[in-house]
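This report concerns only the one structure given below.
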Amino acid sequence: MAGDPVDIAPWLLNKVLVKGDRVGRIVEVEAYKGSIDPASHAFRGKTPRTSVMFGPAGFLYVYFTYGMHWCANVVTGPEGQASALLIRALAPLRGVDEMRQARVAARRDRDLCNGPAKLCQALDITGADNGTDLLARPKATPSGTLAGNPSGPVAAVRLLDDGTPPPEHPAQGKRIGIRVAKDEPWRFWVAGDENVSR
DNA sequence: CTTTGGATCGTCT
DNA sequence: GACGATCCAAAGG
């Protein structure tokens with residue numbers, strides 16, 4: 001998994017994002033092309049905040065915005081190019097009760113994860129998760145519990161493939177909520193899915 | 001259903 | 001010292 005995020009975006013659709021007991025299927029992403037993309041946080045070079053994006057693919061870049069929101073990206077490499085895919089929406093699969101506790105404002109299930117900051121709130125993804133290796137396998141101990149946490153599953157973020165293939169014809173359009181390079185059609189989503197944002 | 005305005009703080013200049 | 005890759009509540013059709 002390394003290359004142009006626009007090429008990788010359709011592949012990321014229908015993959016599964018997990019944190020602890022909370023699970024969702026990725027139904028909407030946006031590509032950011034690092035140093036050649038004025039809308040990318042990495043456009044003006046490497047800073048402490050964006051350093052994860054300059055690393056290898058498969059890691060999680062979490063940033064804070066608008067004074068109150070966290071957003072999560074999958075770094076797509078290749079190393080040094082700072083390409084990333086912003087996860088914009090999930091279809092909740094498991095842990096809906098926990099998600100609702102984290103997001104009391106959600107009226108229906110589809111309000112839980114239909115936005116980049118909402119899904120971070122629902123899955124409890126914060127700056128503490130920045131730099132997580134999304135493809136690392138959780139380490140099981142002989143007793144069946146997970147290493148480093150005696151009281152259950154490790155609450156680390158992981159990206160999984162549950163066998164659902166990407167959509168054959170993903171919808172594609174302009175990115176949302178940016179002020180520059182807004183005409184680039186680098187947003188991809190699962191056509192017709194009710195959890196897509198907006 | 002759509003539109004509008006306000007909140008709030010980590011990061012970089 | 002300014003600015004967001006946003007969300008939500010309230011108000012209007």
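All chains are named by letter (A, B, ...) in the order of the sequence lines, taking the proteins before the strands, and each is independently numbered beginning at 1. Just so you know, these numbers come straight off a predicted model, no measurement behind them.
For the pair A:Phe64 CZ and B:dT8 P, the interatomic distance rounds to 11 Å; values are reported in whole Å.
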Please assess A:His69 against A:Phe64 for the test ring pair (Phe, Tyr, Trp, His ring centres under 6.0 Å), listing each intermediate value before the final yes or no. CA-CA 6 Å; A:His69 297 303; A:Phe64 188 78; 7.9 Å; no
CA sep, side-chain torsions, deciding dist, call: A:Glu28, A:Ser197, side chain to side chain donor-acceptor pair (under 3.5 Å):
CA-CA 8 Å; A:Glu28 183 184 2; A:Ser197 66; 3.0 Å; yes
Worksheet item: How far apart are the C-alpha atoms of A:Lys15 and A:Asp162, what are their side-chain angles, what is the distance that settles it, and do they pass the salt bridge (charged side-chain N to carboxylate O under 4.0 Å, His left out) test?
Response: CA-CA 7 Å; A:Lys15 292 292 181 294; A:Asp162 72 347; over 6 Å; no
Nucleotide by nucleotide, nucleotides 6-13 of chain C touches protein heavy atoms under 4.0 Å in the pattern (B base, S sugar-phosphate only, - none) BSSS----
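Between A:Lys174 and A:Glu184 the shortest side-chain heavy-atom distance does not fall below 4.5 Å.
Nucleotide C:dA5 forms a pair with no other nucleotide shown, judged by Watson-Crick or G-U wobble geometry with both contacts under 3.5 Å. When both pairing distances are held under 3.5 Å, B:dT8 makes no Watson-Crick or G-U pair with any nucleotide shown.
A side chain to side chain contact (heavy atoms under 4.5 Å, CB included) with A:Pro92 holds for exactly one of A:Leu112, A:Asp111, A:Leu119; it is A:Leu112. Results of the side chain to side chain contact (heavy atoms under 4.5 Å, CB included) test with A:Met99 over A:Arg94, A:Gln121, A:Lys118, A:Arg22 single out A:Arg22 as the only residue that passes.
Remark: A:Cys113 SG to A:Ile87 CD1 distance equals 11.0 Å, nearest 0.5 Å.
A salt bridge links A:Asp129 with A:Lys19; the closest basic N to acidic carboxylate O contact falls under 4.0 Å.
For the contact set between residues 27-49 of chain A and DNA chain B, defined by any heavy atom under 4.0 Å, the members are A:Thr47, A:Pro48, A:Arg49.
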